[in-house]
Amino acid sequence: MRSPLALVPRSALPHRLAPRTLRGRLSLVALTTAALLMTILTAVFNTVVRHHLQAQADDELRARAAVVATTVDTGGRTVRVLKASDDGLLDSNVWIYAGSTTVEQPPSPAPEIDRAAGLLAARADGDCTTVEDDRPVRLCARPVAHGRLAATVVTALDLSPYRSSAELLLLGSLALDAVMLACTYALTRLAVGRALRPVRDMSDQAIRWSAVESERRFGTVAQPTELARLGASLDSLLDRIRAVLRHERRLTGELSHELRTPLSRIIAELDWWRSRPRTEAETLATHRTLTEAAESMRTICDTLLGDAREEARDDAATAPGTAEVLPVLRRLAAHQEEPVRSRIVVTAADDRLEAGVSPALLERIVGPLLANALRYARSGVTVYIEHVGHVPPTWPGHPLPDTETAGPTGSAVRIDVTDDGPGVPEAFLGQLFQPGRRADPYDGHGGAGLGLPLARRLARSAGGEVHHDPAHTAGARFTVTLPAG
């Protein structure tokens with residue numbers, strides 16, 4: 001029978017053991033780094049301590065051997081040991097050899113230690129060695145050669161106190177490491193938590209602001225560099241969310257408004273057709289009416305949805321920018337197909353005039369006016385660009401020259417789109433900019449009556465206006481006024 005652990009994929013185990021929060025992960029990284037660093041430092045420290053204690057033991061052994069060597073007489077025929085007042089203290093754990101012959105040794109030495117002392121004396125090189133018997137013992141040899149004969153003094157020292165000190169230091173350093181790691185983990189969690197608290201607060205605020213479509217933004221609050229960049233990103237997302245919601249509401253409203261009329265026609269025709277038996281001619285007429293209404297609904301949907309896709313893809317509809325008006329409008333005219341292109345004349349009072357909108361938005365504002373003028377013009381269309389210092393007060397509903405939306409001096413750029421067609425019927429002037437309204441739906445020209453309202457809406461979103469000039473009687477003239485760049 002398999003264990004429950006065997007049923008869990010191996011690759012899933014580390015992910016489950018890893019902390020879920022960023023604070024936990026950063027704290028774990030800090031703890032792991034600190035543990036690795038402290039392990040290395042502890043190992044180095046205790047290695048140095050052990051070598052230092054062993055060096056102290058060797059120094060003590062050599063000092064004792066040097067003192068004992070002063071009591072060894074090698075000037076006669078045999079090696080003699082001179083007696084001293086502290087002879088018992090000096091003879092403790094001391095071997096004296098004349099060549100390989102033992103002259104003096106401690107009483108009842110351990111065999112392993114006695115054998116190691118003999119080997120050191122035989123080498124006669126002043127070396128040291130450690131014997132691991134019941135207790136660790138360190139032995140050092142010192143040659144005595146200041147007479148005719150050669151002798152060797154070997155001293156021994158119990159290393160148990162030194163090793164006890166080293167082990168005590170190791171335990172102390174491990175305890176200190178544990179305390180340091182605990183403090184590191186706690187302080188890291190506290191510091192990371194305090195550092196991430198503004199991020200959490202900003203996220204909560206962004207959620208609240210996006211839910212109520214607030215005008216508040218993070219860019220107005222002084223923040224550290226990292227939080228300022230996060231605030232700028234959240235501000236951009238909030239602006240996009242607000243634009244998407246605004247586009248969605250506008251699209252829903254326009255679809256509801258524009259589809260109501262053809263849908264009402266369809267319902268009325270069906271109710272009329274079902275009210276009593278109809279002739280074949282009346283049925284065909286009803287079918288034609290239903291087809292026209294359905295085509296109108298499709299055109300309205302295609303136009304509005306296409307406009308919504310353009311605005312979603314091109315943030316220039318609401319983003320600030322500048323555009324050289326004359327090159328943009330000449331490029332717009334050049335995109336028309338022949339022979340329509342040759343019927344457009346684009347001129348300007350100043351070739352360097354700039355509008356305070358992006359080139360894409362300028363094209364989307366003027367494009368419907370140009371298409372409408374080409375649809376009804378008899379011979380040609382004239383586009384004229386000039387700079388105006390102020391907006392005539394006779395233009396109703398015009399927001400300029402507000403200095404926040406216009407140029408630095410409240411000035412504007414005016415674009416006149418003039419055609420030599422039949423003009424706008426006087427009775428239709430009040431409905432000219434209402435979505436879905438056409439002066440003559442059966443004039444043979446396509447369109448859903450949405451171009452002029454869309455152009456005005458986009459112009460107003462940039463602080464401008466689209467206006468029909470009723471004083472121009474030889475055709476139609478539409479004027480676009482935008483803030484100067």
Side-chain angles (χ1 to χ4, degrees), residues 247-312 335-341 343-344 364 367-381 417 419-458 466 468 470 473-476 478:
H247 295 164
E248 180 183 358
R249 286 197 299 268
R250 183 169 64 241
L251 176 62
T252 304
E254 290 177 351
L255 283 173
S256 175
H257 182 273
E258 302 306 326
L259 294 179
R260 188 177 294 113
T261 299
L263 187 58
S264 299
R265 290 181 61 191
I266 293 175
I267 295 174
E269 286 292 335
L270 290 175
D271 290 341
W272 177 79
W273 183 78
R274 290 182 298 183
S275 62
R276 60 183 177 84
R278 299 294 176 181
T279 64
E280 183 177 354
E282 291 175 335
T283 301
L284 291 177
T286 300
H287 288 172
R288 284 195 297 270
T289 302
L290 294 177
T291 301
E292 291 174 359
E295 288 292 336
S296 177
M297 292 177 66
R298 185 176 66 178
T299 303
I300 291 172
C301 289
D302 291 343
T303 303
L304 292 178
L305 292 176
D307 177 71
R309 283 193 295 268
E310 287 292 331
E311 291 192 19
H335 288 167
Q336 307 297 324
E337 296 181 357
E338 290 288 0
V340 177
R341 184 187 310 171
R343 299 167 55 192
I344 306 174
R364 296 186 62 201
L369 304 180
L370 186 60
N372 188 70
L374 290 171
R375 185 179 297 120
Y376 294 101
R378 293 189 178 95
S379 60
V381 176
V417 181
D419 65 76
D420 56 356
V424 181
E426 186 175 354
F428 187 69
L429 289 176
Q431 307 177 46
L432 184 59
F433 289 97
Q434 294 183 13
R437 298 292 188 267
R438 295 182 58 190
D440 185 3
Y442 305 103
D443 57 5
H445 297 289
L450 300 175
L452 295 179
L454 292 176
R456 169 174 276 187
R457 175 168 54 82
L458 292 175
V466 175
H468 172 255
T473 57
F478 288 89

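The salt bridge (charged side-chain N to carboxylate O under 4.0 Å, His left out) check on R378 picks up nothing, with sequence neighbours excluded. Remark: S275 engages R278 in a side chain to side chain contact (heavy atoms under 4.5 Å, CB included) (not counting sequence neighbours). When the side-chain hydrogen bond (donor to acceptor under 3.5 Å, both in side chains) test is applied to T283, the partners found at least two apart in sequence or on another chain are W273. A371 is linked by a side chain to side chain contact (heavy atoms under 4.5 Å, CB included) to nothing, counting only residues two or more places apart in sequence or in another chain. Residues satisfying the side chain to side chain contact (heavy atoms under 4.5 Å, CB included) test with I267, not counting sequence neighbours, are L263, D271.
Taking each heavy atom of A294 and I266 in turn, the nearest pair found is N-CD1, 4.3 Å.
When each of L369, V417, D420 is checked for a side-chain contact (heavy atoms from CB on, under 4.5 Å) with V381, only V417 meets the rule.
Note that the CD1 atom of I344 and the CG atom of D419 stand 11.5 Å from one another [nearest 0.5 Å]. Rounding to the nearest 0.5 angstrom, the gap separating the OG1 atom in T289 from the CD atom in E269 is 4.0 Å. Distance check: L452 CG to R457 CZ gives 13.0 Å after rounding to the nearest 0.5 Å.
Contact check for R456 versus F478: no side-chain heavy atoms found under the 4.5 Å cut-off. Under the 4.5 Å side-chain criterion, counting only non-hydrogen atoms from C-beta, L270 is in contact with L290.
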